[in-house]
Amino acid sequence: MNGRILLVEDDELIGSMVRLNLESDGYAVEWLREGRPALAKSRAADADLVILDIMLPDTDGVRVARSLREVGVVTPILMLTAKAGVDTKIEALDAGADDYLTKPFDIGELAARARALIRRSQGQRHLASSDRLQIGRYVVHLQSREATTREGDVALTPKEVELLEYFHRHQGVTRSRADILEEVWGMEVYVSERTIDNFIVRFRKLFEDDPDAPKLFMTVRGVGYRYVAGPSAS
């Protein structure tokens, strides 16, 4: 079995299609037609992915996603929406969704996004149970998002921590900007590759002894970036 997926979708045709295809890919799928049963923390937390429709008969998916995040459920959420407007997508992401897909969608694309979200989530869980990430001579505390850096103690954003975890998991491997966008940002279409460059500039200022001559966050011209683990703090 590839993983467990909680599907919250009231449309019988869409729900049947999604469940059939995901089960054929090896996933165990629990299908709910209403949103309120999905609010049970244990139910969502035990899944590897929640696929959540925005428009539900008893509540709305944005409210469900926000409630799950408020009680500490970190399971990735893929939101389905019939509304193509940017405001709706931003609302879904701000509520805690990791990615979104606009109806009508291609089932192959949904399966690909599901695989990417589960892969990212499993990689983060596998990363470290110590709550500490070593970046060269400095330390990042994953839960509090506090870091010791060359500029002193700094509070990192959730996305900065997620990107540092990503580089740590792939240390020594060159990753293209497109790969980084897909695996860290999902498929948020309004995020450009330039965004990654800005994060790298920030990381070099915080963690490189000489930001102008980086030894940790290396540029691979024409491709992307490679993180090279530096010396540990003494």
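Both backbone and side-chain heavy atoms feed into the values below; hydrogens, waters and symmetry mates do not.
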Using atom types as modelled and distance alone, determine if a side-chain donor or acceptor of Q171 lies under 3.5 Å from a backbone N or O of H168. yes

Taking L142 as the starting point, is it possible to reach V74 by hopping between hydrophobic residues whose side chains are less than 4.5 Å apart? no

Inspect the contact between R19 and D25 and indicate whether a charged nitrogen and a carboxylate oxygen are less than 4.0 angstrom apart. no

Do L78 and L20 belong to the same hydrophobic cluster, where Ile, Leu, Val, Met, Phe, Trp and Tyr are linked whenever their side-chain heavy atoms lie under 4.5 Å apart, directly or via other members? no

Can you measure from CD (E162) to CG (L156) and round to the nearest 0.5 angstrom? 13.0 Å

Keeping the roles fixed (side chain from T81, backbone from T102), state whether a donor-acceptor pair exists under 3.5 Å. no

Looking only at heavy atoms, what is the nearest atom pair of L68 and A44, with distance? CD2-CB, 3.8 Å

If you take all heavy atoms of A38 and L6, which pair is closest and at what distance? CB-CD2, 4.3 Å

Using side chain to side chain contact (heavy atoms under 4.5 Å, CB included), reason through I180 and F167 one step at a time and then give a plain yes or no. CA-CA 9 Å; I180 297 169; F167 279 122; 4.0 Å; yes

Rounded to the nearest 0.5 Å, how far does CG of L164 lie from CD of Q134? 12.5 Å

Audit row: L7, E30, side chain to side chain contact (heavy atoms under 4.5 Å, CB included) steps and yes/no: CA-CA 6 Å; L7 170 64; E30 180 184 1; over 6 Å; no

CD of E70 to CG of L39: how many Å apart, nearest 0.5 Å? 10.5 Å

How far does CZ of R43 sit from OG1 of T75, to the nearest 0.5 angstrom? 13.5 Å

Main-chain N/O of V184 paired with K159 side-chain donor or acceptor, under 3.5 Å: yes

So, D10 side chain and R33 main chain: donor-acceptor pair closer than 3.5 Å or not? no

Table please: side-chain donor-acceptor pairs of residues 55-64 below 3.5 Å, with sequence neighbours left out.
residue : atom : partner : partner atom : Å
D58     : OD1  : G35     : N            : 2.9
D58     : OD2  : G35     : N            : 3.3
D58     : OD2  : R36     : N            : 2.9
D60     : OD1  : V62     : N            : 3.1
D60     : OD1  : R63     : N            : 2.9

Which is it for L93 and E91 under the side chain to side chain contact (heavy atoms under 4.5 Å, CB included) test, yes or no, and what are the steps along the way? CA-CA 6 Å; L93 295 168; E91 183 183 19; over 6 Å; no

Say whether, by atom type as modelled, one donor and one acceptor occur between the side chain of R69 and the main chain of G96 under 3.5 angstrom. yes

Name the one of L117, L22, L101 that satisfies side-chain contact (heavy atoms from CB on, under 4.5 Å) with I51? L22

Determine, step by step, whether S176 and D179 satisfy the side-chain hydrogen bond (donor to acceptor under 3.5 Å, both in side chains) criterion, reporting the C-alpha distance in whole Å, the side-chain angles of both residues, the deciding distance to 0.1 Å, and the verdict. CA-CA 5 Å; S176 70; D179 287 339; 3.2 Å; yes

Contacts of T149 meeting side-chain contact (heavy atoms from CB on, under 4.5 Å) (sequence neighbours excluded), chain-then-number -> A147, E151, V154, L206, F207

Side chain to side chain, H141 and V139, heavy atoms closer than 4.5 Å: yes

Could you tell me which non-hydrogen atom of E165 sits nearest to which non-hydrogen atom of L133, and how far apart they are? N-CD2, 4.0 Å

Should D209 and R137 count as an ion pair when the cut-off is N to O under 4.0 Å? yes

Would you call K103 and D53 a side-chain contact if the rule is heavy atoms closer than 4.5 Å? yes

How close do W31 and D11 get, counting heavy atoms only, and between which atoms? CZ2-O, 3.9 Å

Roughly how far, to the nearest 0.5 Å, is the CZ atom of R177 from the CG atom of L181? 9.5 Å

With rounding to the nearest 0.5 angstrom, report the OH to CZ distance, Y138 to F203. 15.0 Å

Using the rule that two of Ile, Leu, Val, Met, Phe, Trp, Tyr join whenever any of their side-chain heavy atoms come within less than 4.5 Å, decide whether V220 and L216 are in one cluster. no

I'd like to know if R66 pairs up with D94 as an ion pair, taking the criterion as any Lys NZ or Arg NE/NH1/NH2 lying under 4.0 Å from an Asp or Glu carboxylate oxygen. no

Pick out which of D98, L49, D99, I118 makes a side-chain contact (heavy atoms from CB on, under 4.5 Å) with R113. D99

For I54 and M79, the nearest pair of non-hydrogen atoms, with its separation, is CG1-CG, 3.4 Å

Could you tell me whether the side chains of R175 and Y227 share a donor-acceptor contact shorter than 3.5 Å? no

Evaluate whether atom NZ of K205 has more than 12 neighbouring non-hydrogen atoms of other residues, nucleotides or ligands under 6.0 angstrom away. no

I'd like to check the ring pair (Phe, Tyr, Trp, His ring centres under 6.0 Å) partners of Y225; sequence neighbours left out, ordered by chain and number. none

Do R4 side-chain atoms and D46 backbone N/O form a donor-acceptor pair below 3.5 Å? yes

Closest heavy-atom pair, M218 versus R204, reported as atoms and distance to 0.1 Å, is C-NH2, 3.9 Å

Side chain to side chain contact (heavy atoms under 4.5 Å, CB included), that's the test. Do L110 and L80 meet it? Break it down for me. CA-CA 10 Å; L110 181 141; L80 303 180; 3.9 Å; yes

With a 4.0 Å cut-off on N to O distance, would you call R202 and E160 a salt bridge? yes

